[in-house]
Amino acid sequence: MDAVRSVNLQAGTTPDNYTIATANATVFTLAPGEVGFIQNLDDAALAVKLGASASTTSLNIILQAGSAADDGKGGFTYITDYTGAVSVAAMSGSPRFIAWKRLLS
């Protein structure tokens, strides 16, 4: 019988404090061992792509809109087990989001 083994991960670095971003962009590039976080702060959905150039037709994840801008009810995602660029684009209008990455050890 195979044994099950778990490994605890802890932050190797503290996430940078990022200001609210308001443009479609590549938000970060994840290296091996890094985790990324994105939260939608807008009242419209946000497209997230594992790669460059996210758009309304080229995406992997859609983050839910909040009821109003900056109400804290917008969708969020942690991106783990991925290496490469991560980009976002507004599904309508201009985006409003916060994003950061950190190294896990």
Side-chain angles (χ1 to χ4, degrees):
M1 180 156 119
D2 292 332
V4 176
R5 189 177 120 187
S6 64
V7 176
N8 292 329
L9 295 177
Q10 71 182 56
T13 59
T14 302
D16 290 333
N17 292 322
Y18 283 89
T19 58
I20 294 171
T22 58
N24 296 346
T26 295
V27 294
F28 45 68
T29 299
L30 294 175
E34 290 182 324
V35 61
F37 174 83
I38 302 170
Q39 183 176 15
N40 186 9
L41 301 177
D42 201 16
D43 57 359
L46 183 70
V48 178
K49 181 177 179 180
L50 303 180
S53 304
S55 72
T56 58
T57 59
S58 181
L59 57 118
N60 297 97
I61 303 165
I62 296 178
L63 297 182
Q64 177 180 323
S67 299
D70 301 331
D71 67 1
K73 296 180 181 177
F76 65 90
T77 187
Y78 285 95
I79 301 170
T80 61
D81 298 326
Y82 172 76
T83 302
V86 178
S87 58
V88 299
M91 293 300 288
S92 67
S94 297
R96 188 169 178 81
F97 64 93
I98 192 162
W100 51 257
K101 68 176 184 173
R102 71 176 185 191
L103 177 65
L104 292 180
S105 60

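Residues take their numbers from the sequence shown, with the count starting at 1.
Using modelled atom types, no side-chain atom of Asp42 and backbone atom of Ala65 make a donor-acceptor pair closer than 3.5 Å. Side chain of Asn40 to main chain of Gly75: no donor-acceptor pair is present (N/O by atom type, distance under 3.5 Å, no hydrogens or angles).
Closest approach of Tyr82 to Gly51, counting heavy atoms only: OH-N, 3.4 Å. Minimum heavy-atom separation, Thr26 to Ala85: CG2-CB, 3.9 Å. Considering every non-hydrogen atom in both Lys101 and Glu34, the closest pair reads NZ-OE1, 3.4 Å.
Residues Leu46 and Pro95 meet the side-chain proximity criterion, which asks for heavy atoms closer than 4.5 Å.
Note: Phe37 and Tyr78 have tilted aromatic rings, judged against thresholds of 30 and 60 degrees for the angle between ring planes.
Atom-to-atom distance recorded for Thr57:OG1 and Met91:CE is 9.0 Å, nearest 0.5 angstrom. Between the OG1 atom in Thr77 and the CD1 atom in Ile62 there is a gap of 12.5 Å [rounded to 0.5 Å]. Here NZ of Lys49 is found 8.5 Å from CG of Leu59. Values are rounded to the nearest 0.5 Å. How far CD of Gln39 is from CZ of Arg96: 12.0 Å, rounded to the nearest 0.5 Å. Rounded to the nearest 0.5 angstrom, Ser87 OG and Leu50 CG are separated by 8.5 Å. A distance of 11.5 Å separates CD1 in Ile38 from CD1 in Ile98, rounded to the nearest 0.5 Å.
The cluster map of Ile, Leu, Val, Met, Phe, Trp and Tyr, joined by side-chain heavy atoms under 4.5 Å apart, puts Phe76 and Val48 in different clusters. Under the 4.5 Å side-chain contact rule for hydrophobic residues, Phe28 and Ile61 share a cluster.
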Applying side-chain contact (heavy atoms from CB on, under 4.5 Å) to Thr83 and Leu30, what does each step give before you reach the verdict?
CA-CA 5 Å; Thr83 302; Leu30 294 175; 5.7 Å; no
Walk me through whether Phe97 and Leu63 qualify under side-chain contact (heavy atoms from CB on, under 4.5 Å).
CA-CA 10 Å; Phe97 64 93; Leu63 297 182; over 6 Å; no
Would you sort out whether Ile20 and Asp70 count as a side-chain contact (heavy atoms from CB on, under 4.5 Å), showing the intermediate values?
CA-CA 10 Å; Ile20 294 171; Asp70 301 331; 4.1 Å; yes
